[in-house]
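Notes to accompany the following structure.
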Amino acid sequence: MKKTTGFDRSKTKNWHPATQAVRGGTWRSEHGETSEALFLTSGYTYDSAEEVAARFAGEAPGMTYSRLQNPTVAMLEERIALMEGAEACRAQATGMAAMTTALLCQLSAGDHIVAAKAAFGSCRWLIDSLCPRFAIETTVVDGRDNDAWEKAIKSNTKVFFFETPANPTMDIVDLKFVCELARAHGITTVVDNAFATSALQRPLDFGADVVAYSATKLMDGQGRVLAGAVCGTATFIDDVLLPFQRNTGPNLSPFNAWVVLKGLETLDLRARRQSENALAVGKFVESRVPKILHPGLSSHPQHNLAMSQMEACGPIFSFILEDRAQAMAMLNALELVDISNNIGDAVSLCCHPASTTHYGVSAEARADMGVVEGMLRINIGLEDPRDVIADLDQALTKVGL
Ligand SMILES: *Cc1c(COP(=O)(O)O)cnc(C)c1O
């Protein structure tokens, strides 16, 4: 058996991302299996009482309990870290478990967090509802406005938190500016990179400290499992995040980790093809609707910034119809594209954010971030884009556009 690199970075770190995506972190058992093994086990057994004591004391290598370590989950974590260019990664059960862990592991009562106002509904809930309950001060800013980030800094500011592109307004945050600003003030940036993934955008290359994921989206990419991940320095992951994760238990199941491992093998192919398809479909939609928010189109006010930090536009964009009634009618008229609030999937999916992903956000916050009643968000999959365009064409015609 050979080429089982496991966690030997001296072998894996110079591989190109495509190689890391299919081989990074592979840790073969004594059977020499080609596909990563699924260790569906909660616990481990030991040859002696002294051995388990040594493992718990950190004096001997080896696993002790799957809330603390699991070989399949560890393979996924190593693969994501390599692809992200991060020293370390830990996986969580969902994207929201990842966001909650990434924030609460480092914040205490009296600290201050600045977050971009345009965000996934549950991410906004963490800022608007959860943090204040634990006396963590919060400020939301327009993430597109570099000055706003600077003005929001206080002596107790510990974290900047944002998505780019943001769900579902497609606002872009200037990664280099905001990450450098944070670093100059000793503030930790936490970037939710779900819309791009490491295939299209690597925030650490622009100076971000922590990258957090819903791996449910493009990483799995086939609408199968929920998963999350947080990447950062070894010091952050081992000393700050791990004590929180091990004792609160937001862990990813080995089965779901195994599914995402297989998803990562095709991430680059899918992300690029879905971006191409989203560009083709976006150009068509732009010709028919009053307003489109698509980072790959020159009509997006931050198109140049987006394309300077992303390799391609990603599979998701939003467009705005007259009102909720027209948006709902458009969804109901779709024949190929499914009505679904998931994204990153290989099938095209469309939803009405105001009544679904952002239903739990207050009406004022929704209006403030630009999630208007006529907005639809679409994920473009791997279908032939001509079929998706034909479906949107007939649906737009039915609603009078
Ligand atoms: C979906 C999503 C999340 C939450 O992920 P789950 O896996 O559904 O918990 C967080 N952030 C963004 C940007 C998302 O799109």
Side-chain angles (χ1 to χ4, degrees), residues 76 80 89-104 115-130 140 143 160-173 175 189-201 203 208 210-231 245 250-253 255-257 259-260 263-264 271 274 278 293 295 306 310 313-318 340-345 349-354 356-361 369-371 375-380:
L76 174 68
I80 292 174
C89 168
R90 283 292 176 273
Q92 294 78 26
T94 66
M96 286 321 302
M99 302 307 150
T100 307
T101 301
L103 296 180
L104 291 191
K117 65 184 178 184
F120 179 61
S122 294
C123 292
R124 267 303 290 259
W125 186 86
L126 295 183
I127 302 303
D128 295 345
S129 302
L130 187 71
V140 292
F160 279 180
F161 178 46
F162 58 88
E163 304 164 8
T164 184
N167 186 354
T169 60
M170 309 309 288
D171 286 4
I172 306 295
V173 175
L175 278 168
T189 43
V190 177
V191 182
D192 178 339
N193 200 32
F195 269 43
T197 76
S198 64
L200 304 180
Q201 170 174 279
V210 177
V211 181
Y213 276 108
S214 169
T216 312
K217 310 293 171 55
L218 265 173
M219 285 192 184
D220 169 38
Q222 288 147 88
R224 300 168 296 193
V225 297
L226 297 175
V230 181
C231 302
Q245 172 149 338
N251 301 58
L252 180 63
S253 88
F255 180 79
N256 290 359
V259 172
V260 179
L264 288 180
Q274 288 180 241
L293 306 164
M310 299 172 76
C313 63
I316 302 145
F317 64 89
S318 296
S340 173
N341 44 288
N342 197 13
I343 49 174
D345 200 308
L349 307 170
C350 193
C351 82
H352 179 247
T356 60
T357 55
H358 289 67
Y359 176 74
V361 175
M369 72 169 97
V371 179
M375 177 186 274
L376 291 176
R377 186 198 67 193
I378 191 162
N379 168 74
I380 304 300

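Predicted, not measured: the structure shown is a model, and the values here were computed from it. Ligands are counted one by one from 1 in listed order, and the atoms in each one are counted from 1 as well. Basis for what follows: all heavy atoms, side chains included, without hydrogens, waters or symmetry-related copies.
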Contact table ligand 1 N or O to protein N or O, d under 3.5 Å:
unit_1, atom_1, unit_2, atom_2, d
ligand 1, 5 (O), Ser214, OG, 3.0
ligand 1, 7 (O), Gly95, N, 2.8
ligand 1, 7 (O), Ser214, OG, 2.8
ligand 1, 7 (O), Thr216, OG1, 2.6
ligand 1, 9 (O), Gly95, N, 3.0
ligand 1, 9 (O), Met96, N, 2.8
ligand 1, 11 (N), Asp192, OD2, 2.6
ligand 1, 15 (O), Asn167, ND2, 3.1
ligand 1, 15 (O), Lys217, NZ, 2.8

- Task: Applying salt bridge (Lys or Arg N to Asp or Glu O under 4.0 Å), name anything that partners Asp192, two or more places apart in sequence or on another chain.
- Result: none

- Check side-chain hydrogen bond (donor to acceptor under 3.5 Å, both in side chains) between Ser198 and all other residues, then give those that pass, not counting sequence neighbours. none

- Message: Out of the candidates Gln201, Glu163, Met170, only one should pair with Phe195 under the side-chain contact (heavy atoms from CB on, under 4.5 Å) rule; please name it.
- Response: Met170

- Paired with Leu218, the side-chain contact (heavy atoms from CB on, under 4.5 Å) test is passed by just one of Asn379, Thr197, Asn193, Asp345, namely Thr197

- Item | Counterpart residues, salt bridge (Lys or Arg N to Asp or Glu O under 4.0 Å), relative to Arg377 (two or more places apart) | none

- Does NZ or CZ of Lys217 fall inside the cone over Phe120's six-membered ring, less than 6.0 Å from its centre and within 45° of the axis? yes

